[in-house]
Amino acid sequence: MQTELSSLHFLNDLNKEQSEAVTLNDQSALILAGAGSGKTRVLTSRISWLIHNQITSPGSILAVTFTNKAAKEMMLRITSQLPINTRGMWVGTFHGLCNRFLRTHHQDAHLPETFQILDSQDQLSAIKRLMRSSNIDEENFPPREVQYFINANKEIGLRSQNVKTYDAHTSKINEIYLNYEKQCQKEGVVDFAELLLRCYELFKKNQPILEHYQDRFKHILIDEFQDTSELQYKWIKLLVGQNNSVFAVGDDDQSIYSFRGARVSNMKDLQKDFHIKKVIKLEQNYRSKNNILNAANAIINNNDNRLGKKLWTAAGDGDLIRKYVGLSDYDESNFIIDEIKQLHRSGLNYNQIAILYRSNAQSRVIEHAIVSNNIPYRVFGGLRFFERAEIKNALAYLRLITNKSDDNAFLRIINFPTRGIGAKSIEQIQDISKKNNASLWHGAIEFKSPTSNTQKKGIPYFVDLIKTIEDEIHGLTISESIEIIIERSGLKNHYLKEKDNIDRLANLSELISAAVTFTETSDVEEPTINLIEFLNYTSLESGELQASSNEDALQLMTIHSAKGLEFDAVFITGLEDGLCPHEQSLAEQNGLEEERRLMYVAVTRAKMKLYLTLAQSRMLHGQTRYNLPSRFLDEIPDELIKAINTTKKIDLIPSPRKTQTNYLSDKYTWKIGSSIQHPKFGQGIVTGYEGHEDDLRIQIKFANHGTKWLAMEYAKLSEA
DNA sequence: GTACTCGTCATTTTT
DNA sequence: TGACGAGTAC
């Protein structure tokens, strides 16, 4: 076996720890894989190794990821490593896999065969609809809060009847949760969290089904394990059972999603629950230069409760990290653009340069600077393809035809494009449906309209329209069906009428192409099933537009969305206390540690060059704010940093903004935004003032002593 | 049914 | 500052 091992090309060049992980026996394992340490490679090589050595067959492997992108990447790598048929292998996201289990066992899961998936938007509108029909005040019970409540409880495995409530308000919300469950059941739809919970319950309540899968999946592998939620962990435990092994890869230092239910503690629980004696640590980094890694290590070292890990590289020190303190957000952006122009001139592609920020609002100023310099760029985040209104509208026709109980879909298109059905008519339909405890579609059929349907208007016309489309698309491919829907529904005409809607029409064509691609890659023959699967696909796959990714453009994104990516040069911007760490995170339990992990993720994205930038003043929510430098900057050893502007004398620089020309007085040279030094309170920033000359009092925000008012006459201030 | 105004509220996000 | 939703006016 040894000789054969070394002949396997996918095992070549693995370091000691990597190959130890890849070639582990049939035992559960936790691989602590630092940023850039070859995590995905280990995971895929492990699968290839298991199969190649006939320890297991592809059909016994279940691999779970968090995103479709990661799942695809994994599949791609495995097929390039091994010339095998991977069809029996289950590789997918938690949601995708749960969907698959539920489809197969829809009866045992008490779901209709045609059940559809609600995305977050759909879920919110379902909740709003429910609340309106039961006359619940949206002021007292904001639908978003209700949505959060429902999801948070589902994510820890709680149904409404199991939720403990201690006050009237929460009880009421929980009552909405109960009714929401009923409504979804009646309409035959499941939300994202429901996919997981329902699947968990399926396994829990049906021993034969559980045993069947436990017998089948001998090797369960999990990517980004630090991001698993409580329910996901319980699901894994159930499926692994007593006899199978779990191979989890993760990095506790990169856990940045606790706000949506991720539980790092699952890593410790895994060791305990599966008797893992030795955690394999992958600490050699193949991405970044040493100065960058040292900064990352220094930052993350300030966190308690780590599993412990120190990245190193053989790649050399590289450049120093560059730090720039801008006078304003505007100045900061200009510095970034100037620097990027130079990098580009020296031969770096734009798409190898990333500008990262903590919150989306920060991108605007930067975008402005980019646009005025005519540099191509791409902002990540925002609306995804299948979330666009025109796409959802077209799909809603398809959904309603597939499942007449889908009231969400019904309401979306009953009067879109407008066909003279107003709020009153819809109310009447809702009344009829409620009386008969039936779907809105049935209510519409029952509806006796005074208007004729010759004018292409009114409810009977709508009912006819749906029936006609249904007949017409019978037996057609999905793409043909969509084409007919876009035409017959009037969507095409509607969007043709308005000039601003060229993009929308283009997107609808794109939807048709997406359907063609889907059908080509699908191995399902039955058209009805295929249609249902396509609809699922559109809910589960957000459809990040890949088309423009080849284009050489600057990459702008939040630190969160940068996780898993790498760039030659990275600018981490807005490094100010209040922004990064974000002020709202400080109130949360372990909030600062999570922010620090965020900073760690950001730093470790950089391969060659890292820039840290901040601004002394910044426009936020329509007000100029004066933030102190981020505390994380102080955590990086000085010798790793090269300050580009030796803290400019703020007064000497002509200011681009009016507010900064407000000198406090003739006697003192400080202005709002100046850094000062106080003998007792240390470093601070001038944030306001009142009075004049001898009476002058100034407000100072100190790094460690809060905000204070001081009389200029007595305070012994000096410039910092 | 649409076009406007006004008030409110501003982390991070995949499925 | 500016995006979005609700409410109002036509």
Side-chain angles (χ1 to χ4, degrees), chain A residues 64-71 92-99 117-125 128 132 138-139 142-144 148 151 154-155 190-197 199 223-224 227-229 231-232 255-262 329 356-365 368 380-384 386-387 415-425 457 494 497-498 536-544 557-564 574 578-588 591 594-595 597-599 601-602 618-625 657:
Chain A
V64 200
T65 62
F66 272 84
T67 64
N68 292 302
K69 199 174 142 203
T93 62
F94 276 104
H95 295 85
L97 295 171
C98 285
N99 177 47
I117 299 163
L118 298 183
D119 67 15
S120 324
Q121 281 179 36
D122 298 334
Q123 184 189 33
L124 187 63
S125 44
K128 280 184 181 163
R132 273 167 205 165
E138 291 184 22
E139 294 261 294
R144 285 195 172 281
Y148 177 81
N151 290 337
K154 285 188 180 183
E155 263 154 34
V190 297
D191 57 48
F192 287 137
E194 184 72 27
L195 279 173
L196 300 178
L197 182 53
C199 186
D223 190 18
E224 304 276 14
D227 286 336
T228 49
S229 69
L231 181 60
Q232 283 162 346
S255 162
I256 54 174
Y257 283 110
S258 71
F259 69 92
R260 67 172 200 223
D329 42 359
L356 308 183
Y357 33 82
R358 173 66 237 267
S359 60
N360 286 305
Q362 288 166 248
S363 73
R364 191 169 299 129
V365 192
H368 182 81
F380 286 73
L383 261 199
R384 284 175 181 61
F386 290 118
E387 288 170 357
N415 197 33
F416 192 89
T418 49
R419 44 181 79 89
I421 303 172
K424 247 187 266 159
S425 316
K457 275 186 173 176
H494 174 87
K497 265 186 221 154
E498 289 161 60
N536 285 319
Y537 166 80
T538 64
S539 311
L540 287 174
E541 172 87 39
S542 47
E544 183 69 49
M557 65 192 86
T558 62
I559 301 175
H560 280 92
S561 26
K563 200 177 94 166
L579 279 178
C580 186
H582 198 279
E583 53 197 352
Q584 290 190 43
S585 70
L586 300 177
E588 286 159 28
E594 177 137 331
E595 295 290 303
R597 291 194 289 268
L598 207 45
M599 182 69 187
V601 168
R618 171 180 304 278
M619 193 61 110
L620 198 67
H621 306 328
Q623 283 173 332
T624 309
R625 307 216 332 185
R657 285 241 178 82

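- C/dA6 and B/dT11 have their C1' atoms separated by 25 Å, given to the nearest Å.
- Contact annotation for A/N360: backbone-only contact, meaning every heavy-atom pair under 4.0 Å involves sugar-phosphate atoms and none involves a base.
- With B/dT15, B/dA10, B/dT12 as the choices, the nucleotide that has an atom nearest any side-chain atom of A/S120 turns out to be B/dT15.
- Minimum atom distance to the side chain of A/R384 is reached by B/dT14, of the listed C/dA6, B/dT14, B/dT11.
- Proximity of a side-chain donor or acceptor of A/N415 to a complementary backbone N or O of A/T418 within less than 3.5 Å is not detected.
- Rounding to whole angstrom units, CZ of residue A/R597 and C1' of B/dT11 are separated by 16 Å.
- Proximity note for A/T418 (side chain, C-beta onward) versus B/dG1, B/dT15, B/dT13: the nearest is B/dG1.
- For A/K69 and A/E541, the salt-bridge test fails: no basic side-chain N is under 4.0 Å from an acidic carboxylate O.
- Side-chain nitrogen and oxygen atoms of A/R419 include none within less than 4.0 Å of the OP1 or OP2 phosphate oxygen of B/dG1.
- Look at the C1' atom in both C/dA3 and B/dT14: the space between them is 23 Å, to the nearest Å.
- When distances are taken from the side chain of A/M619 to each of B/dG1, C/dT1, B/dT15, the shortest belongs to C/dT1.
- Residue A/Q362 is out of contact with every strand shown, counting any heavy-atom pair closer than 4.0 Å.
- Using a 4.0 Å heavy-atom cutoff across all strands shown, A/E595 reaches at least one base atom of the nucleic acid.
- Considering only the side chain of A/R358, B/dT12 comes nearest among B/dT13, B/dT12, B/dG1.
- Among the atoms of the strands shown, only primed sugar atoms or phosphate atoms (P, OP1, OP2) are found under 4.0 Å from some heavy atom of A/Y257.
- In terms of polar N and O atoms assigned as donor or acceptor, the side chain of A/T558 never comes within less than 3.5 Å of the base of B/dT13 in a complementary pairing.
- Between A/F259 and A/H560, the ring planes lie perpendicular to each other; the angle is over 60°, past the 30° to 60° tilted range.
- Of the charged side-chain nitrogens involved, at least one lies within less than 4.0 Å of a carboxylate oxygen, so that A/E194 and A/K154 count as a salt-bridged pair.
- One atom, CD of A/Q623, and another, C1' of B/dC9, lie 13 Å apart when rounded to the nearest Å.
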Exercise for the section: Would you please test A/S539 and A/F386 for side chain to side chain contact (heavy atoms under 4.5 Å, CB included) and show each step? Expected result: CA-CA 7 Å; A/S539 311; A/F386 290 118; over 6 Å; no

Handout entry: Check against side chain to side chain contact (heavy atoms under 4.5 Å, CB included), A/E595 and A/R358
Key = CA-CA 9 Å; A/E595 295 290 303; A/R358 173 66 237 267; 2.7 Å; yes

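- Across the interface with DNA chain B, nearest-nucleotide mapping of A/E387 and A/H582 shows A/H582 to be the residue nearer the 5′ end.
- Per the geometry, CZ belonging to A/R144 stands 13 Å off C1' belonging to C/dA3, to the nearest Å.
- For B/dT12, the base is anti relative to its sugar; the glycosidic angle deviates from 0 by more than 90°.
- Residue A/N99 contributes atom CG, which lies 19 Å from atom P of B/dT14 at whole-angstrom precision.
- Atom-to-atom, CD of A/Q584 to P of B/dC9 comes out at 13 Å; the value is rounded to the nearest Å.
- Rounded to a whole Å, the CD atom of A/E224 is 15 Å from the P atom of B/dT13.
- Per the stacking criterion (ring centres < 5.5 Å, plane angle < 30°), A/F259 stacks onto the base of B/dT12.
- For the pair A/K563 NZ and B/dT13 C1', the interatomic distance rounds to 11 Å; values are reported in whole Å.
- Of all nucleotides listed (B/dT11, C/dA6, B/dT14), B/dT14 comes nearest to the side chain of A/R260.
- Atoms CE (A/M557) and P (B/dT14) sit 12 Å apart, rounded to a whole Å.
- Within 4.0 Å (heavy atoms only), A/I421 reaches sugar-phosphate atoms of the nucleic acid but no base atom.
- Here the nucleotide nearest the side chain of A/N68, chosen from B/dT15, B/dT2, B/dT11, is B/dT15.
- Nucleic acid contact class of A/D227 (heavy atoms, under 4.0 Å, all strands): none.
- Ring-base stacking between A/H95 and B/dT15 is not satisfied when judged by a centre separation under 5.5 Å and a plane angle under 30°.
- Taking 4.0 Å as the cut-off between side-chain N and carboxylate O, A/D119 and A/R384 do not count as a salt-bridged pair.
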